[in-house]
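Inspection log for the structure reproduced underneath, given as structure tokens.
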Amino acid sequence: MAEVIVLESPAAAGAFVAAHIAAEVRARPEFTLGVATGSTPLPVYEGLRAQAAAGTDFARITAFALDEYVGLPAGHPESYRAVVDREVTVPLGLDPARVNVPDGALDGIETAGDRYEAALAAHGGVDLQLLGIGTTGHIGFNEPGSSFGSLTRVKTLTERTREDNARFFDSIDQVPIHCVTQGLGTILRARHLVLLAFGEGKAEALAAAVEGPVSASMPGSAIQLHPRVTVVVDPAAASRLRFREYYRWAQDNKPEWQGI
Ligand code: F6R
């Protein structure tokens, strides 16, 4: 079972996860971080900026993003390449040559997934993968029906996900229909998964992913197959968890030596 940690706010959750990542990076400067985009991981990136300001050096880490939209013009501010540069690469002082984002350019899109898998394999995979969850239950952009063995490939976004993400664009018509996303099989290879969720709007998907049946209808439930998963949420996102009292009990009685 995943370890579920309920903290009082997204800021507290971000600071907690950032402190863990920073400690790992101090112990192993060539750490590989899997980054997510969207709103959910922003408090983690804020926490990482605080860790950088306090002296943790992120210059030697490698980053792999989960996904990218297909067909946005290069440099589009909502392309995930631009978001990762803005939120992670520049403020944390990462080496841009070590920041990988799937290539969503239309030219060569047929091979984008395979190229990304090759880059991940050549590097040796991801140490810690940050994940958000969509209201459809997607992780990465693996919409319902995605195979648990899937690798990085082009996927079609659901209308629901396009509506959810329209807030980043001027209108829903500008939200791409396709994306290149790490597959569920790719995500499951990361050595540690850290799933974050905040707000009532995520409560249902979160409960289904963490406690529901393992099913391709709920792609987030793939995390139940992974040996090392930490779920960090606020009380609103935790509100539908059946075993939340147990999770609190387990935290209160956590052996001192045990990390996340
Ligand atoms: C982002 C990603 C998605 C988001 C999910 C939640 O790289 O892969 O799975 O994590 O859509 O988005 P937010 O955090 O904006 O609610």
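As the structure lists them, so they are numbered: ligands from 1, and atoms in each ligand from 1. Note that the structure is predicted; figures quoted are calculated from it, not measured.
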Legend entry - Ligand-side contact atoms (ligand 1) for residue partner T40, heavy atom cut-off under 4.0 Å: 13 (P), 14 (O), 16 (O)
Inset, instruction - For the residue pair L66 and L131, establish whether any side-chain heavy-atom pair is separated by less than 4.5 Å. - result: yes
Inset, instruction - Say whether R167, considering both its backbone and side-chain N or O atoms, lies within less than 3.5 Å of an N or O atom on ligand 1. - result: yes
Legend entry - Nearest-neighbour protein heavy atom for atom 2 (C) of ligand 1, which is reported as residue plus atom name and distance: D67 OD2, 3.3 Å
Inset, instruction - For L66, take its heavy atoms, then give the atoms of ligand 1 lying under 4.0 Å from any of them. - result: 8 (O)
Inset, instruction - Would you name the heavy atoms of G183 and N142 that are closest together and state the gap between them? - result: CA-OD1, 3.5 Å
Inset, instruction - Select the closest option to atom 4 (C) of ligand 1 among H138, E143, Q182, judged by heavy-atom distance. - result: H138
Legend entry - G38: numbered ligand 1 atoms lying under 4.0 Å from its heavy atoms: 14 (O), 15 (O)
Inset, instruction - Check the angle between the aromatic planes of F169 and H76 and answer parallel, tilted or perpendicular using the 30° and 60° thresholds. - result: tilted
Legend entry - R191 and V126, any side-chain heavy atoms less than 4.5 Å apart: no
Inset, instruction - Around atom 10 (O) of ligand 1, find the nearest protein heavy atom and jot down its residue, atom name and distance. - result: G132 CA, 3.3 Å
Inset, instruction - Using the rule that two of Ile, Leu, Val, Met, Phe, Trp, Tyr join whenever any of their side-chain heavy atoms come within less than 4.5 Å, decide whether F243 and W249 are in one cluster. - result: yes
Legend entry - Derivation of the ring pair (Phe, Tyr, Trp, His ring centres under 6.0 Å) call for Y69 and H178: CA-CA 6 Å; Y69 291 116; H178 297 104; over 10 Å; no
Legend entry - Minimum-distance pair of heavy atoms, taken over all atoms of D103 and A105: OD1-N, 3.0 Å
Legend entry - For atom 1 (C) of ligand 1, the protein heavy atom that lies nearest, with its residue and separation: T37 OG1, 3.3 Å
Legend entry - Closest protein heavy atom to atom 16 (O) of ligand 1, given as residue, atom name and distance to 0.1 Å: K202 NZ, 2.6 Å
Inset, instruction - Enumerate the atoms of ligand 1 whose separation from the nearest heavy atom of I133 is less than 4.0 angstrom. - result: 5 (C), 6 (C)
Legend entry - Pick from G134, A65, C179, G140: the one approaching atom 9 (O) of ligand 1 most closely through a non-hydrogen atom: G140
Legend entry - Among V194, V44, D127, the one residue meeting side chain to side chain contact (heavy atoms under 4.5 Å, CB included) with I21: V44
